[in-house]
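Just below is one structure, and these are the notes that go with it.
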Amino acid sequence: TGIAPCIVAQQHSLRQAAADRAAPEVTAKARTWDDHPVRVAITQVDLGPCRGVIHDRGSDRWAIILPGANYPPDAPLLWFAREVALAADRNVLAVVDTYDRDRDASTWVTERAEAALRHAGSSGRPLLVAKSLTSLAAPLAARLGSPAVWLTPLIGRGGTSVSDAVTAGLAAATAPCLLVGGTADP
């Protein structure tokens, strides 16, 4: 067994994006977990405000991977989170986008998270996995009662509107959640 190659996100022109929506390319990868062969279909999708990559196991359970501001979903931390979600019999929808610092951070995160959730449908509560800036989805996860994994959430600088929003969302959570961070995180 080896590490599967990461998907490299590329910019598409509007014409190419329309062609992608009309006929999405599906790639199937054979994987093995616990000595059981598993087939995963990989499809690029248009989520509206951004692109996404679906890793489809044919499950009715989903995990949504939200990238960091400059940390794509195929970077190591989120790549491993995706692999764990797939091994746990979840389909995965990885949001592919880079934060534009001229935009309001909370709006940017919410638009992408809501678009991914709409695309995944209503077949239960999806697991949200968010990195750094996208921990601003914590209020949304709390409102939906979705379980979540928060990787380096923005909670270190109390008294800022960003950390206060994340902390309030985490405090309101009723579903299981895991926070992963350290004292050296900004």
Side-chain angles (χ1 to χ4, degrees), residues 3-4 6-7 31 33-34 36 38 40 47 50 52-57 59-99 105-106 108-186:
I3 296 177
C6 297
I7 295 175
R31 307 251 177 96
W33 284 293
D34 293 331
H36 295 90
V38 175
V40 178
L47 299 175
C50 62
V53 177
I54 292 177
H55 300 261
D56 189 350
R57 284 198 58 169
S59 176
D60 61 349
R61 299 173 351 132
W62 285 87
I64 308 291
I65 305 281
L66 300 171
N70 290 306
Y71 195 88
D74 57 348
L77 196 57
L78 295 175
W79 183 90
F80 282 108
R82 180 187 75 220
E83 292 300 302
V84 168
L86 288 168
D89 195 33
R90 288 185 181 266
N91 298 327
V92 174
L93 172 51
V95 171
V96 180
D97 204 1
T98 302
Y99 175 59
S106 184
W108 183 85
V109 169
T110 302
E111 286 173 351
R112 278 131 191 88
E114 288 178 343
L117 289 163
R118 275 192 306 276
H119 194 85
S122 60
S123 61
R125 299 177 313 168
L127 169 68
L128 294 180
V129 179
K131 169 76 171 88
S132 193
L133 182 68
T134 54
S135 62
L136 280 166
L140 175 63
R143 193 167 51 254
L144 297 174
S146 289
V149 176
W150 307 108
L151 303 170
T152 64
L154 300 179
I155 58 174
R157 292 190 181 129
T160 67
S161 61
V162 170
S163 67
D164 289 349
V166 172
T167 304
L170 295 173
T174 56
C177 62
L178 171 67
L179 282 72
V180 179
T183 57
D185 293 328

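Excluded from the calculations below are hydrogen atoms, water molecules and symmetry mates; all remaining heavy atoms, backbone and side chain alike, are included.
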So, for Ala141 and Trp150, which heavy atoms are closest and what is the spacing to 0.1 Å?
-> CB-CZ2, 3.8 Å
Run the numbers on Leu136 and Thr110 for side-chain contact (heavy atoms from CB on, under 4.5 Å), then give the verdict.
-> CA-CA 8 Å; Leu136 280 166; Thr110 302; over 6 Å; no
Could you list all the side chain to side chain donor-acceptor pair (under 3.5 Å) pairs where at least one residue sits in residues 128-140, not counting sequence neighbours?
-> Lys131-Thr152
So how far is it from Leu93 CG to Ile64 CD1, rounded to the nearest 0.5 Å?
-> 4.5 Å
Could you check Val129 against Leu66 for side-chain contact (heavy atoms from CB on, under 4.5 Å), going step by step and ending with a plain yes or no?
-> CA-CA 6 Å; Val129 179; Leu66 300 171; over 6 Å; no
To the nearest 0.5 angstrom, please state how far the CD1 atom of Ile155 sits from the OG atom of Ser163.
-> 9.0 Å
In short, salt bridge (Lys or Arg N to Asp or Glu O under 4.0 Å) pairs touching residues 133-147 with sequence neighbours left out are none
With sequence neighbours left out, what residues match Asp97 under side chain to side chain donor-acceptor pair (under 3.5 Å)?
-> Arg112
Look only at the side chain of Arg125 and the backbone of Gly145, and say whether a donor-acceptor pair between them is shorter than 3.5 Å.
-> yes
Could you tell me which residues satisfy ring-ring contact (aromatic ring centres under 6.0 Å, His included) with Tyr71, sequence neighbours excluded, listed by chain and number?
-> none
Can you list the steps and then say if Asp56 with Val40 is a side-chain contact (heavy atoms from CB on, under 4.5 Å)?
-> CA-CA 5 Å; Asp56 189 350; Val40 178; 5.8 Å; no
For Ala63, check side-chain contact (heavy atoms from CB on, under 4.5 Å) against everything at least two apart and list the hits.
-> Ala85, Arg90, Val92, Leu127
What's the spacing between Ile65 CD1 and Leu151 CG if we round to 0.5 Å?
-> 8.0 Å
Provide the closest heavy-atom pair for Pro153 versus Val180 in the form atom of the first, atom of the second, distance.
-> CD-O, 3.5 Å
Got Leu117 and Pro126 here, is their nearest side-chain heavy-atom distance under 4.5 Å?
-> yes
Who passes side-chain contact (heavy atoms from CB on, under 4.5 Å) against Ala69, sequence neighbours left out?
-> Tyr99, Arg101, Leu133
At what distance, to the nearest 0.5 angstrom, does NE2 of His55 lie from CD of Glu83?
-> 8.0 Å
Could you pull out the closest heavy-atom pair between Ala116 and Val95, with the gap in Å?
-> CB-CG2, 3.8 Å
Can you tell me how far CZ of Arg57 sits from CH2 of Trp62, rounded to the nearest 0.5 angstrom?
-> 12.5 Å
Would you give the length of the straight line joining atom CG of Asn91 to atom OG of Ser59, rounded to the nearest 0.5 angstrom?
-> 5.0 Å
What is the minimum heavy-atom distance between Ala94 and Pro73, and which atoms define it?
-> CB-CB, 3.8 Å
What are the two closest heavy atoms between Ala175 and Pro147, and how far apart are they?
-> CB-N, 3.6 Å
